[in-house]
Amino acid sequence: MHRDMYRVVRRIPRGKVATYGQVAELAGYPGAARVAGAAMKASAGSGVPWQRVVGRRSKTVGRVSILDPIGGTTQRQLLEGEGVEFSDSDGIPMRRFGWLPVDD
DNA sequence: GTGGTGACTGCCA
DNA sequence: ATGGCAGCCACCA
């Protein structure tokens, strides 16, 4: 259920980001990354910090950043506002801003 | 109940 | 390193 996704997204710490696949898995739908995405778009206005959920290959989705086709600009703004830094070459340095469910 | 679609991901060319 | 194709899972028609 989308609610499960929301629950997971909501527990992402401020200043950290998670991938769709990660959210899907934690929500109880391993491999259903696409579903997570669908849930995100549906979450618009649901008070869910969807901006903290990004695609693992956020840099190469058909030649462009996946963060652009959507409300990419808005999302980026929000994330930067939380302290997440963007790299022009790698998008978001998951190595540092990737959310680890353990350091919750 | 069957078929098609998608804010994804991973492997192959 | 970039571009394309196939596989996944849940939801809507």
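Order of the sequence lines sets the chain letters (A, B, ...), proteins ahead of strands, with each chain counted from 1.
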If I take atom [atom1] in residue [X] and atom [atom2] in nucleotide [N], what distance separates them, rounded to the nearest angstrom?
{"X": "A:Y29", "N": "C:dC9", "atom1": "OH", "atom2": "P", "value": "14 Å"}
{"X": "A:R34", "N": "B:dT9", "atom1": "CZ", "atom2": "P", "value": "10 Å"}
{"X": "A:Y20", "N": "B:dG6", "atom1": "OH", "atom2": "P", "value": "15 Å"}
{"X": "A:Q22", "N": "B:dG10", "atom1": "CD", "atom2": "P", "value": "12 Å"}
{"X": "A:W50", "N": "B:dC8", "atom1": "CH2", "atom2": "P", "value": "13 Å"}
{"X": "A:E25", "N": "C:dC9", "atom1": "CD", "atom2": "P", "value": "13 Å"}

Quick one: which of [options] gets closest to the side chain of [X]?
{"X": "A:R56", "options": "B:dG10, B:dA7, C:dA10", "result": "B:dG10"}
{"X": "A:K41", "options": "C:dA10, B:dC8, B:dA7", "result": "B:dA7"}
{"X": "A:V35", "options": "B:dC8, B:dA7, C:dA10", "result": "C:dA10"}
{"X": "A:A33", "options": "C:dC9, B:dA7, B:dT9", "result": "B:dT9"}

Quiz item: Is the closest basic N to carboxylate O distance between A:E85 and A:R96 below 4.0 Å?
Solution: yes
Exercise. Between A:F97 and A:M94, is there a shared hydrophobic cluster once you connect ILVMFWY residues whose side-chain heavy atoms come closer than 4.5 Å?
Worked result: yes
